[in-house]
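Data first, discussion second: the structure below is written as structure tokens.
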Amino acid sequence: MQYLHSMLRVSDLDASLHFYCDLLGLKEVRRKESEKGRFTLVFLAAPDDQASSEEHQAPEIELTYNWDPETYTGGRNFGHLAYRVEDIYALCQHLLDNGVTINRPPHDGHMAFVKSPDGISIELLQKGDALAPREPWVSMEKTGTW
């Protein structure tokens with residue numbers, strides 16, 4: 001398992017970039033804009049982690065800016081922790097067998113979400129290419145939030 005990033009929702013991207021980059025000294029390593037999804041993702045790395053970030057896309061902070069105004073309450077501005085895993089199906093089965101709810105099953109063989117006992121969302125991403133879709137994951141319903 002490899003730690004990837006923590007996601008933070010931000011309400012003012014320019015102010016957040018000023019804080020994280022200009023004041024704290026983090027570096028912007030990549031950016032994704034989605035017209036359809038109406039959001040911008042900006043990935044930041046600490047200077048000593050920049051080479052690793054550029055090569056492995058880890059460790060990073062992901063700033064998520066939703067273009068439509070939204071008020072974040074109850075910690076919703078903190079999004080999730082993300083880990084790259086060797087076999088997403090095997091890990092999800094292990095978690096399920098031990099009483100963990102798979103909130104967003106790996107329908108696509110690539111991504112799943114679970115929650116910690118304290119309600120922190122954990123994103124699991126398949127290392128390399130997505131695995132071929134298979135049961136029971138393809139048919140498993142999403143549950144709760146993530």
Side-chain angles (χ1 to χ4, degrees), residues 1-17 19-21 24 26-46 49-146:
M1 183 181 293
Q2 178 187 16
Y3 172 77
L4 298 178
H5 64 261
S6 294
M7 185 269 270
L8 304 172
R9 289 181 179 88
V10 300
S11 56
D12 183 329
L13 186 57
D14 291 334
S16 295
L17 287 171
F19 174 78
Y20 287 104
C21 296
L24 282 182
L26 299 182
K27 305 294 182 191
E28 182 175 331
V29 291
R30 68 182 182 289
R31 182 182 290 232
K32 176 186 176 186
E33 303 225 355
S34 173
E35 185 77 34
K36 183 178 177 182
R38 300 192 46 73
F39 64 83
T40 301
L41 305 179
V42 179
F43 292 87
L44 308 175
D49 292 325
Q50 192 168 351
S52 176
S53 171
E54 290 169 357
E55 183 177 350
H56 304 289
Q57 296 186 343
E60 300 170 333
I61 291 177
E62 172 191 327
L63 300 182
T64 296
Y65 173 69
N66 293 309
W67 299 354
D68 299 317
E70 187 176 340
T71 301
Y72 302 117
T73 60
R76 187 161 146 62
N77 59 319
F78 175 80
H80 59 260
L81 301 175
Y83 291 92
R84 183 175 294 123
V85 301
E86 291 293 327
D87 184 330
I88 197 163
Y89 293 141
L91 180 56
C92 285
Q93 188 63 57
H94 173 72
L95 294 169
L96 193 63
D97 290 347
N98 284 279
V100 175
T101 299
I102 310 299
N103 300 100
R104 194 277 190 194
H107 301 132
D108 53 7
H110 173 69
M111 178 179 63
F113 276 90
V114 298
K115 284 194 175 183
S116 76
D118 294 305
I120 301 298
S121 289
I122 310 292
E123 180 181 21
L124 305 172
L125 294 167
Q126 175 61 42
K127 184 177 182 179
D129 294 334
L131 301 179
R134 63 179 161 198
E135 294 296 343
W137 312 109
V138 172
S139 301
M140 189 178 284
E141 295 289 324
K142 297 175 184 174
T143 182
T145 60
W146 56 91

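If you're wondering where the values come from, they're calculated on a predicted model, not measured in any experiment. We number each residue from 1, following the sequence as shown.
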If you draw a 6.0 Å radius around CG in D129, do more than 12 non-hydrogen atoms from other residues or ligands fall strictly inside?
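At most 12 heavy atoms, drawn from other residues, nucleotides or ligands, come within 6.0 Å of this atom.
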
More than 12 heavy atoms from other groups under 6.0 Å of CD on E35:
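Count not over threshold, so no.
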
Heavy atoms only: give me the nearest [X]-[Y] pair and the separation to one decimal.
X: I88; Y: G109; value: CG2-O, 3.8 Å
X: V29; Y: S53; value: CG2-OG, 3.2 Å
X: G144; Y: N103; value: CA-ND2, 4.4 Å
X: A132; Y: Y89; value: O-OH, 3.0 Å
X: A112; Y: C92; value: CB-SG, 3.8 Å
X: K115; Y: S121; value: CE-OG, 3.7 Å

Can you tell me how far [atom2] of [Y] sits from [atom1] of [X], rounded to the nearest 0.5 angstrom?
X: E86; Y: M1; atom1: CD; atom2: CE; result: 10.0 Å
X: Q93; Y: W137; atom1: CD; atom2: CH2; result: 4.5 Å
X: L8; Y: Y20; atom1: CG; atom2: OH; result: 4.5 Å
X: L26; Y: Q50; atom1: CG; atom2: CD; result: 10.0 Å
X: L125; Y: Q2; atom1: CG; atom2: CD; result: 10.5 Å
X: H5; Y: F43; atom1: NE2; atom2: CZ; result: 5.5 Å

With T101, which residues qualify under side-chain hydrogen bond (donor to acceptor under 3.5 Å, both in side chains), at least two apart?
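Checked T101 against side-chain hydrogen bond (donor to acceptor under 3.5 Å, both in side chains); zero matches.
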
If only atom types and distance count, is the side chain of [X] paired as donor or acceptor with the main-chain N or O of [Y] below 3.5 Å?
X: R84; Y: H56; answer: yes
X: S6; Y: I61; answer: no
X: H107; Y: M140; answer: yes
X: R104; Y: M111; answer: yes

Which residue in the set K27, R30, M7 passes side-chain contact (heavy atoms from CB on, under 4.5 Å) when paired with E60?
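Output: one option passes, namely R30.
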
Checking side-chain contact (heavy atoms from CB on, under 4.5 Å) against I102, which of T143, L124, V114 comes through?
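Only one option passes, and that is V114.
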
Are the side chains of F39 and R9 in contact, using a 4.5 Å heavy-atom criterion?
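SC-SC contact between R9 and F39 ruled out.
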
Can T64 and E62 be counted as having a side-chain donor-acceptor contact under 3.5 angstrom?
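Side chains of T64 and E62: pair found under 3.5 Å.
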
Salt bridge (Lys or Arg N to Asp or Glu O under 4.0 Å) partners of R38, counting only residues at least two apart
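So R38 forms a salt bridge (Lys or Arg N to Asp or Glu O under 4.0 Å) with D68.
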
Strictly under 6.0 Å, is that where the ring centroids of Y83 and Y3 end up?
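Distance test on ring centres: under 6.0 Å, yes.
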
Set out, in order, the CA-CA distance, both residues' side-chain angles and the distance that settles side-chain contact (heavy atoms from CB on, under 4.5 Å) for L63 and T40, then state yes or no.
CA-CA 8 Å; L63 300 182; T40 301; over 6 Å; no

